[in-house]
There are 2 protein chains.
Amino acid sequence: MTPPKLLDEAALKERELLIINSAVLLIQKNGIENLTMDKVVAQVPFSKGTVYKHFIGKEDLLLAISNYSIKVLGDLFYRAYQFKGCARSRMLLLNFSYLIYAMLYPALFQCVLCAKSPNVAGKSSEKHINESEKLEVKLMTSIHGIVEDGLNDNSLSLPLNMDIQQICFSNWSTAFGAISLLSGEVDQCSGRTSLIVERELFNLSNLLYDGMGWQPLTKDSNPCLELKSALDELFPEELAKIKAKGRELNFDSFS
Amino acid sequence: MTPPKLLDEAALKERELLIINSAVLLIQKNGIENLTMDKVVAQVPFSKGTVYKHFIGKEDLLLAISNYSIKVLGDLFYRAYQFKGCARSRMLLLNFSYLIYAMLYPALFQCVLCAKSPNVAGKSSEKHINESEKLEVKLMTSIHGIVEDGLNDNSLSLPLNMDIQQICFSNWSTAFGAISLLSGEVDQCSGRTSLIVERELFNLSNLLYDGMGWQPLTKDSNPCLELKSALDELFPEELAKIKAKGRELNFDSFS
DNA sequence: TTCGTCAGTGACGAATCGTCACACATTAAA
DNA sequence: TTTAATGTGTGACGATTCGTCACTGACGAA
């Protein structure tokens with residue numbers, strides 16, 4: 001009479017990942033707006049009913065993809081956090097890991113943006129929403145850690161009326177604004193042709209840190225070269241993949 | 001044999017605006033994702049075919065709504081640009097006019113974000129795309145003007161390796177990042193509850209201006225109070241409307 | 001009056017969504 | 001082994017939505 005559990009947890013997870021990966025491939029090929037549950041089902045060795053067992057709807061699948069993306073980004077952030085060097089340099093490095101992520105996985109980046117919209121979050125399952133919140137906390141952990149390192153080595157002091165969380169948010173929203181406005185493939189703003197995302201992110205981050213009074217411990221000759229070599233050391237594979245896509249991080253324009 | 005033009009331009013424009021307004025009302029009620037051409041047609045004294053004469057598809061309508069929104073925002077920006085006071089204060093004021101816009105017309109704000117996505121831009125008519133580009137130039141004009149005022153009165157000097165356009169973009173993306181991350185009605189990030197959008201926008205903008213070395217000409221005692229009174233003077237109706245919605249700009253938390 | 005042109009119509013096919021009645025598999029008890 | 005109960009998987013189905021297109025009617029010119 002005991003209700004039998006026929007499926008083990010691991011198989012379910014694996015299947016979920018398979019569905020997510022198939023959906024990501026479809027998004028990369030057709031664009032996120034043309035993602036169709038029917039197409040996903042066609043790509044996958046399960047029927048529609050089974051897919052809907054995992055995701056209560058299209059939006060729920062989208063949120064799950066977003067969560068998967070945030071895991072990927074969280075890994076990049078953590079690597080930046082763990083890198084050698086002074087806190088300010090690592091924070092800049094972290095922002096550039098965000099840019100690398102946006103350039104390398106534009107479809108994933110877009111999924112995260114879409115998942116933020118209330119129409120998606122409102123139609124998703126509690127399970128995936130909770131997971132989303134946990135993942136974002138983890139994402140913030142790396143930023144938080146770097147800020148605390150900066151506070152501890154006295155290179156950074158909290159500005160008036162600001163706490164650590166606000167500092168973290170400042171950095172996050174700055175990077176988010178620059179990257180989301182500039183990383184789109186379509187030139188959205190006219191006259192924006194002269195804006196180069198890596199250069200603006202570099203300048204904007206440094207303006208922000210200067211505004212905070214965040215001092216680099218190493219009075220290095222060229223912070224741009226320092227960033228470049230750190231990126232080469234920390235993200236060699238990612239940079240190679242970006243190069244393979246024909247889009248290269250270019251630091252020559254602002255030496 | 002001459003083909004008769006039976007419809008005058010003005011009537012067409014008026015009808016287009018009627019369709020747009022009906023669509024905006026529907027978005028406010030049902031959310032942007034549930035906007036349906038059928039529903040729009042039902043709200044409007046025209047048939048589907050006529051609506052499709054004006055907009056080649058749903059995305060084209062969305063872009064048209066976005067353009068309409070940018071006009072509204074452009075007006076707010078221009079009022080901030082024309083206001084009295086030093087350049088830095090007016091730039092801060094402009095950023096807050098952006099926040100007022102996002103709070104007052106969340107549906108419009110969301111439409112602009114959506115219209116940025118390639119799937120919308122890719123399916124829109126040349127006519128609306130061109131209009132979009134022109135409008136964004138106009139939007140940037142106010143920002144550009146304030147920066148030039150700052151340069152002219154020597155309160156601001158261009159940072160190393162940055163031109164006016166990059167300064168403009170810095171301010172724009174900073175405001176965009178903070179507002180788009182925090183103005184959502186859903187608390188998206190966990191732990192974000194302690195972040196207050198008006199406070200973070202204030203702090204972030206000032207950090208940026210400090211980083212640029214942008215000096216306020218008036219050594220006023222309290223820049224926050226100065227902003228508050230400027231907003232009261234420049235946007236009394238808008239602030240009243242926001243109050244009527246139950247959401248008030250609160251400056252008490254960071255006096 | 002007759003014809004040509006154009007604004008306007010709404011029924012239609014295609015595509016998509018999510019559901020549900022049913023079929024199959026596995027285990028426990030008889 | 002048989003039977004019952006429950007978990008798992010299926011894909012046909014109705015409901016929506018999209019954008020089109022053959023048709024109607026109004027108006028002016030010949």
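Sequence lines set the chain letters: A, B, ... in the order given, protein chains first and strands last, and positions in each chain run from 1. Given the structure is predicted, the values throughout are model-derived calculations rather than measurements.
- Atom NZ of B:K48 and atom P of D:dC23 are 19 Å apart (whole Å).
- When the nucleotides D:dG9, C:dT19, C:dT16 are ranked by their closest atom to the side chain of A:K53, D:dG9 comes out on top.
- In terms of modelled atom types and a separation under 3.5 Å, the side chain of B:N67 and the main chain of B:H128 share a donor-acceptor contact.
- As a whole-Å value, the separation of B:E9 CD from C:dA7 P is 12 Å.
- When the P atom of C:dC12 is taken as reference, atom CG of B:D38 falls 15 Å away, rounded to whole Å.
- A sub-4.0 Å separation between OP1 or OP2 of D:dT17 and a side-chain N or O of B:K58 is absent.
- Pair assignment for C:dT19 gives D:dA12, based on Watson-Crick or G-U wobble hydrogen-bonding distances that are each under 3.5 Å.
- Between B:F46 and A:G49, the residue anchored nearer the 5' end of DNA chain C, judged by the nucleotide with its closest heavy atom, is B:F46.
- For B:M37, taking side-chain heavy atoms from C-beta onward, the closest of the listed nucleotides C:dG8, C:dG18, D:dG19 is D:dG19.
- Remark: P of D:dG7 and CZ of A:R15 are 16 Å apart, rounded to the nearest angstrom.
- A:L62 has its CG atom 16 Å from the P atom of C:dT16, to the nearest Å.
- Residue-level contact check: A:T36 touches the backbone only, with heavy atoms under 4.0 Å from sugar-phosphate atoms and none from bases.
- Each of C:dC17, D:dC18, D:dT10 was ranked by its minimum atom distance to the side chain of A:S47; first place goes to D:dT10.
- Regarding B:Y52, its OH atom lies at a distance of 18 Å from the C1' atom of C:dA7, rounded to whole Å.
- Looking only at distances, no side-chain donor or acceptor of B:S66 sits under 3.5 Å from a matching main-chain atom of B:L62.
- Formation of a donor-acceptor pair under 3.5 Å by the A:E198 side chain with backbone atoms of A:N250 is found in this model.
- Between the C1' atom of D:dT17 and the NZ atom of B:K123 lies a distance of 13 Å, rounded to the nearest Å.
- A side-chain donor-acceptor contact under 3.5 Å links B:K245 to the backbone of B:L104.
- The backbone N or O of B:L35 sits less than 3.5 Å from a side-chain atom of B:K58, completing a donor-acceptor pair.
- Candidate nucleotides C:dG8, D:dG11, D:dG9 were compared by shortest atom distance to the side chain of B:T50, and C:dG8 ranks first.
- Taking atom CG of A:L35 as the reference point, atom P of C:dA15 lies 17 Å away to the nearest angstrom.
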